[in-house]
Asks: 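One structure is given below, represented as structure tokens, and several questions about it will come after.
Throughout, numbering of the chain's residues begins at 1 and tracks the sequence.
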Amino acid sequence: MTMEVPKKWFALCSFLFLILLLAAVAAVVQKNDSSNPRIVETEQLQSRNFNSSMAAREKEMEALNENAVQDPEEVVSLVEMSMRNNTERRKLGYFSCGTGNPIDDCWRCDPNWHRNRKRLADCGIGFGRNAIGGRHGRFYVVTDAHDDNPVNPRPGTLRHAVIQTEPLWIVFKRDMVIQLKQELIMNSFKTIDARGVNVHIANGACLTLQFITNVIIHGLHIHDCKPTGNALVRSSPSHYGWRTMADGDAISIFGSSHIWIDHNSLSNCADGLVDAVMGSTAITIFQ
């Protein structure tokens, strides 16, 4: 006698078999993925680490910025006294090269100033007078005016110099015009020293100082800055990330302290010339 399996039981068994098959496939995929964490975890880990490091950096800068200027009135008085004293000395012929400008008179009177460039770090006045920039670092000579790759900048370019984590005193081999593809994100303890050459940053992105400290920028011509962004940009040797649109300021200072911007020519930028926000403090802008 032939026994017939009811159709409903056959359909039910087929359905259960399909579920078991799918579960087995999912288990294999999960096992394969877990055996190689880069497949499922790397992007999440990088994002988590980056957010954590940025939060820690922001907290560190807030603590540093909070005590950057102890007595603002005293700083103002010191600036006024310095200006007054230098003017009087100039009248008396105390300085043979005296200009009445206390910063210029601090270093220009040395005929060999180019051999003692770091003397500039001792010449600051005002709220940013304690900015040392890259005084304790080596010299970095910019030889290449190109900015072809904001994620992987070539050695010898300005972008490659400013993203380094070590203190650097950055100078230029010759006159140059630098057209930045994306904003130039600087790192702490840097001096950009353009004395003796004619260096323009123009017709593109410009400078960003974000959650950093101790920066001196001297002698640049920064002009015709344009909004840029929605792109990947490197901010240190170990990190690059997505940047939203920048406003087009010549120098944007965000949550930073001990910044000295001196003897620069800034003009004709899309938004403004210098923008200091998010608790930035201890800043001198001097001409």
Side-chain angles (χ1 to χ4, degrees), residues 47-80 103 121 124-136 162-168 180 182-192 201 205-218 220 222 225 227-229 233-236 238-264 266 269-287:
S47 177
R48 184 162 62 247
N49 288 342
F50 173 64
N51 291 335
S52 176
S53 63
M54 283 300 293
R57 190 174 180 183
E58 182 176 355
K59 186 175 181 179
E60 178 184 355
M61 288 307 304
E62 285 177 354
L64 182 64
N65 294 352
E66 184 177 357
N67 300 311
V69 179
Q70 297 290 343
D71 189 344
E73 294 299 326
E74 180 184 5
V75 175
V76 172
S77 297
L78 289 172
V79 172
E80 292 176 346
I103 295 175
I125 63 174
F127 294 106
R129 69 192 186 283
N130 293 323
I132 62 172
R135 182 173 65 190
H136 299 309
V162 301
I163 65 170
Q164 303 304 312
T165 54
E166 63 179 303
L168 290 175
L180 297 169
Q182 298 295 334
E183 57 186 319
L184 189 73
I185 304 176
M186 296 189 64
N187 220 326
S188 295
F189 295 98
K190 299 292 180 293
T191 297
I192 299 179
I201 296 177
C206 289
L207 278 61
T208 295
L209 286 60
Q210 180 173 315
F211 297 130
I212 61 173
T213 186
N214 282 280
V215 170
I216 300 172
I217 301 172
H218 185 104
L220 291 175
I222 306 176
C225 300
T228 57
V233 182
R234 185 169 293 279
S235 58
S236 76
S238 61
H239 176 263
Y240 65 89
W242 184 261
R243 300 291 295 184
T244 58
M245 289 297 294
D247 294 333
D249 296 301
I251 303 175
S252 177
I253 308 172
F254 189 96
S256 299
S257 65
H258 300 294
I259 309 298
W260 180 21
I261 300 170
D262 182 53
H263 281 63
N264 298 283
L266 314 176
C269 293
D271 187 45
L273 299 181
V274 179
D275 197 1
V277 297
M278 289 298 293
S280 296
T281 188
I283 300 170
T284 291
I285 302 171
F286 200 89
Q287 180 58 44

Asks: Any chance you could measure Ser235, atom OG, to Ile163, atom CD1, to the nearest 0.5 Å?
Replies: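 The CD1 atom of Ile163 is 8.0 Å from OG of Ser235, to the nearest 0.5 Å.
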
Asks: Can you see which heavy atom on Ile185 is nearest to which on Val233, and at what distance?
Replies: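 Closest heavy-atom pair between Ile185 and Val233: CD1-CG1, 3.7 Å.
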
Asks: With sequence neighbours left out, what residues match Ser238 under side chain to side chain donor-acceptor pair (under 3.5 Å)?
Replies: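 For Ser238 the side chain to side chain donor-acceptor pair (under 3.5 Å) partners, ignoring immediate neighbours, are Ser236.
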
Asks: Less than 4.5 Å apart, any side-chain heavy atom of Thr213 and any of Ser188?
Replies: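 Touching, per the 4.5 Å side-chain cut-off.
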
Asks: Looking only at non-hydrogen atoms, find the nearest pair between Ala131 and His258 and report the distance.
Replies: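 Answer, listing the atom of Ala131 first, then His258: CB-O, 3.3 Å.
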
Asks: Applying side chain to side chain donor-acceptor pair (under 3.5 Å), can you list everything that pairs with His136, at least two apart in sequence or on another chain?
Replies: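 His136 satisfies side chain to side chain donor-acceptor pair (under 3.5 Å) with no other residue.
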
Asks: Does anything in residues 239-248 pair up under salt bridge (Lys or Arg N to Asp or Glu O under 4.0 Å), and if so which pairs, sequence neighbours excluded?
Replies: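 The answer is Glu183-Arg243.
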
Asks: Which heavy atom in Asn264 sits nearest to a heavy atom in Ile217, and how many Å separate them?
Replies: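 Nearest pair, atom of Asn264 first, then Ile217: ND2-O, 2.9 Å.
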
Asks: I'd like to know if the side chain of Ser280 and the backbone of Ser256 have a donor-acceptor N/O pair within less than 3.5 Å.
Replies: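 Indeed, once roles are kept as given, a pair shorter than 3.5 Å links the two residues.
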
Asks: Taking only residues two or more places apart in sequence, or in another chain, which ones meet Cys206 in a side chain to side chain contact (heavy atoms under 4.5 Å, CB included)?
Replies: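 Applying side chain to side chain contact (heavy atoms under 4.5 Å, CB included) to Cys206 gives Ile201, Ile222, Cys225.
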
Asks: Just do the side-chain contact (heavy atoms from CB on, under 4.5 Å) check on Val215 and Phe189 with the steps written out, would you?
Replies: CA-CA 5 Å; Val215 170; Phe189 295 98; over 6 Å; no

Asks: Using 0.5 Å steps for rounding, measure from the OG atom of Ser257 to the CG atom of Asn214.
Replies: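 Ser257 OG to Asn214 CG: 7.0 Å, rounded to 0.5 Å.
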
Asks: Checking Asp249 side chain against Val274 main chain: does a donor-acceptor pair fall under 3.5 Å?
Replies: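 Not confirmed, Asp249 side chain does not pair with Val274 backbone.
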
Asks: Would you indicate whether the side-chain heavy atoms of Ile261 and Ile253 approach each other to under 4.5 Å?
Replies: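 Yes, side chains in contact.
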
Asks: State, with a plain yes or no, whether a side-chain heavy atom of Val277 is found less than 4.5 Å away from one of Phe254.
Replies: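 Side chain of Val277 against side chain of Phe254, heavy atoms only: contact under 4.5 Å found.
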
Asks: Applying side chain to side chain contact (heavy atoms under 4.5 Å, CB included), can you list everything that pairs with Asp262, at least two apart in sequence or on another chain?
Replies: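 Asp262 satisfies side chain to side chain contact (heavy atoms under 4.5 Å, CB included) with Ile103, His218, Trp260, Phe286 only.
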
Asks: Do Thr165 and Asn187 touch side chain to side chain, with heavy atoms closer than 4.5 Å?
Replies: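 Of all side-chain heavy-atom pairs linking Asn187 with Thr165, at least one is under 4.5 Å.
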
Asks: Please name the pair of heavy atoms, one in Met186 and one in Leu207, separated by the smallest distance, quoted to 0.1 Å.
Replies: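 Answer, listing the atom of Met186 first, then Leu207: SD-CD2, 4.3 Å.
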
Asks: Sequence neighbours left out, what passes salt bridge (charged side-chain N to carboxylate O under 4.0 Å, His left out) with Arg234? Give chain and number order.
Replies: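 Salt bridge (charged side-chain N to carboxylate O under 4.0 Å, His left out) check on Arg234 returns nothing, list empty.
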
Asks: Which atoms form the tightest heavy-atom contact between Ala276 and Ile283, and what is the distance?
Replies: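 It is CB-CD1, 3.9 Å.
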
Asks: State which residues pass side chain to side chain contact (heavy atoms under 4.5 Å, CB included) with Leu168; sequence neighbours excluded, sorted by chain then number.
Replies: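 For Leu168, the residues satisfying side chain to side chain contact (heavy atoms under 4.5 Å, CB included) (neighbours in sequence not counted) are Arg138, Tyr140, Gln164, Glu166, Ile170, Lys190.
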
Asks: Return the minimal non-hydrogen interatomic distance between Ile125 and Thr284, and the atom names on each side.
Replies: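 Looking at all heavy atoms of both residues, the shortest contact is O-OG1, 2.7 Å.
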
